[in-house]
Amino acid sequence: MMTTRLEYVWLDGYKTPNLRSKVRYTDTQIRSIDDCVSWGFDGSSTKQAEGSDSDCVLRPVRLYYNSADTVNSSSYLVLCEVDNADGTPHESNFRNKLQHTLSETEQYEMLFGLEQEYVLRNMDDSLCGWPESGLPKPQGEYYCGIGCHNTSMSQFVEEHTRAMMDAGLTVHGTNAEVMLGQWEYQLGPQYALEVADELWISRYLLYKIGERYGVYPDFHPKPMKGDWNGSGCHINFSTEKMRHEWTMPDIHKFCEEFGKYTPDLLEVYGEHNKERLTGEHETSAYGEYSYGASDRGCSVRIPYITMTSGRGYLEDRRPSSNIDPYQAISGLIDSVTVTEKDMVQVDYKV
Ligand code: ADP
Ligand code: MN
Ligand code: MN
Ligand code: MN
């Protein structure tokens with residue numbers, strides 16, 4: 001019997017959660033998540049408990065093949081929710097809260113696509129590809145750029161993308177971003193819980209493969225002050241009606257009404273996001289709401305494909321690169337479904 005390596009992965013109790021993991025080995029055959037047993041950890045070391053009552057429970061919820069492990073041939077990532085010792089969900093367990101939101105909004109059949117931007121840093125915290133002193137040439141040629149004078153760490157990006165696909169994530173694509181050393185990949189379209197789980201696993205893989213290259217991903221929304229783009233995590237979303245029923249006037253009406261929820265959404269769209277949402281560098285100003293077709297300075301963009309066909313999906317450009325997708329997507333579902341519900345009611349009165 002081959003020994004299998006199981007790396008249990010969970011989120012800690014920080015405001016912007018960090019990934020944590022610990023590893024166990026088993027000789028039992030692992031066919032599905034049901035074959036993974038619950039496990040405990042010391043919550044007092046992760047901002048999830050007091051030292052006097054420190055036991056928290058890791059409850060396995062999803063299993064991913066781990067091809068980033070080049071040492072063990074049978075190796076999996078076990079994504080876990082955190083419970084209290086009495087079996088109730090821990091207060092940091094926003095995955096559980098997202099499931100609750102979903103159970104009340106099933107009929108909207110929402111789909112999501114996430115665009116994760118990040119920059120890569122060396123172990124001394126310097127940005128990958130940047131000169132030791134002074135600045136690289138100004139932004140312009142780096143976005144979707146080709147060649148080692150315009151990009152940095154493209155081999156790492158390939159390796160990460162391959163690992164995401166091996167793990168079964170819904171990889172949509174990748175591109176070099178506007179700032180040197182900045183990259184993006186997209187996940188989806190996919191269901192809320194699935195894509196949120198995928199985002200955390202994809203980030204885990206960035207950190208883990210980065211350990212081999214001596215680099216790490218930085219998800220700060222504004223990694224470099226000045227005339228350099230920040231990092232976002234645009235959330236593309238659609239409801240069943242947006243995909244199959246609506247025409248352009250419905251889309252416009254939705255976008256108009258959706259603006260009401262800006263303060264609620266900014267609460268869950270990432271820490272330090274104010275530094276990024278300046279109204280420049282392809283962002284809308286913090287707290288201001290706007291929407292428009294193909295306009296990248298808007299809060300919400302109506303993509304070209306939605307514009308031309310009258311239906312499809314919308315892009316919320318405000319979420320920052322460091323979002324907790326469980327919290328951001330929960331908030332977005334609340335706002336989107338309330339907006340859509342109100343629209344239907346208005347129509348009936350006419
Ligand atoms: P951008 O032009 O904003 O850079 P990208 O090509 O990087 O766009 O990303 C587009 C995203 O939209 C992808 O994550 C994709 O999964 C997502 N997407 C496509 N169709 C839908 C849909 N119907 N509902 C939700 N998301 C979608
Ligand atoms: Mn993109
Ligand atoms: Mn981008
Ligand atoms: Mn985008």
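Just so you know, these numbers use all the heavy atoms, side chains as well, and skip hydrogens, waters and symmetry mates. The structure presented is a predicted model; accordingly, all values stated were derived computationally and were not measured. First listed ligand is number 1; within each ligand, the first listed atom is number 1.
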Distance only, no hydrogens: is a donor on one side chain within 3.5 Å (strictly under) of an acceptor on the other, for [X] and [Y]?
X	Y	value
N229	E177	no
D69	N72	yes
T283	H281	no
E7	S21	yes
D35	Q29	no

With a 4.0 Å cut-off on heavy atoms, does [X] reach ligand 1?
X	result
R317	no
M242	no
Q190	no

Tell me the protein heavy atom at minimum distance from [atom], and give that distance in Å.
atom	value
atom 14 (O) of ligand 1	L187 O, 3.1 Å
atom 4 (O) of ligand 1	E115 OE1, 3.1 Å
atom 23 (N) of ligand 1	S238 OG, 3.4 Å
atom 10 (C) of ligand 1	N236 ND2, 4.0 Å
atom 3 (O) of ligand 1	R301 NH2, 2.7 Å
atom 15 (C) of ligand 1	H172 CD2, 3.7 Å
atom 27 (C) of ligand 1	P189 CB, 3.8 Å

> About how large, to 10 degrees, is the angle ND1 of H234, then the Mn ion (ligand 4), then OE2 of E115?
Replying inline: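 Approximately 100° at the metal, rounded to tens of degrees.
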> Considering distance alone, does some N or O of R243 sit under 3.5 Å from an N or O of ligand 1?
Replying inline: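 Checking ligand 1 against R243, no N or O pair falls under 3.5 Å apart.
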Using a strict cut-off of less than 4.0 Å between a Lys/Arg side-chain nitrogen and an Asp/Glu carboxylate oxygen, indicate whether [X] and [Y] qualify as a salt bridge.
X	Y	answer
E159	R162	no
D250	R311	no
R243	E240	no
E282	R296	no

>> So does Y269 get a backbone contact from the side chain of N273, meaning a donor-acceptor N/O pair under 3.5 Å?
In response: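 Answer holds: yes.
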>> Checking the side chain of R318 only, and the main-chain atoms of L265 only, is there a donor and an acceptor separated by less than 3.5 Å?
In response: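 Here the side-chain-to-backbone pair does not exist.
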> Closest to the Mn ion (ligand 4), which N/O/S atom of E315 is it?
Replying inline: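 So the atom name we want here is OE2.
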> Under the 6.0 Å and 45° cation-pi test, does R203 pair with F219?
Replying inline: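 Because its charged atom sits under 6.0 Å from the ring centre and within 45° of the axis, R203 does stack over F219.
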As an exercise, identify every atom of ligand 1 less than 4.0 angstrom from a heavy atom of [X].
X	result
E184	7 (O)
L114	14 (O)
G188	16 (O)

> Relative to ligand 1, is R296 under 4.0 angstrom through side chain, backbone, both or neither, heavy atoms considered?
Replying inline: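 Under 4.0 Å from ligand 1, R296 contributes side-chain atoms alone.
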> Taking the Mn ion (ligand 3) as the vertex, what is the angle from OE2 of E177 to OE2 of E117, given to 10 degrees?
Replying inline: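 The two atoms subtend 90° at the Mn ion (ligand 3).
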>> Of all the N, O or S atoms in E184, which has the shortest distance to the Mn ion (ligand 3)?
In response: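 The Mn ion (ligand 3) is closest to the E184 atom OE1, counting only N, O or S.
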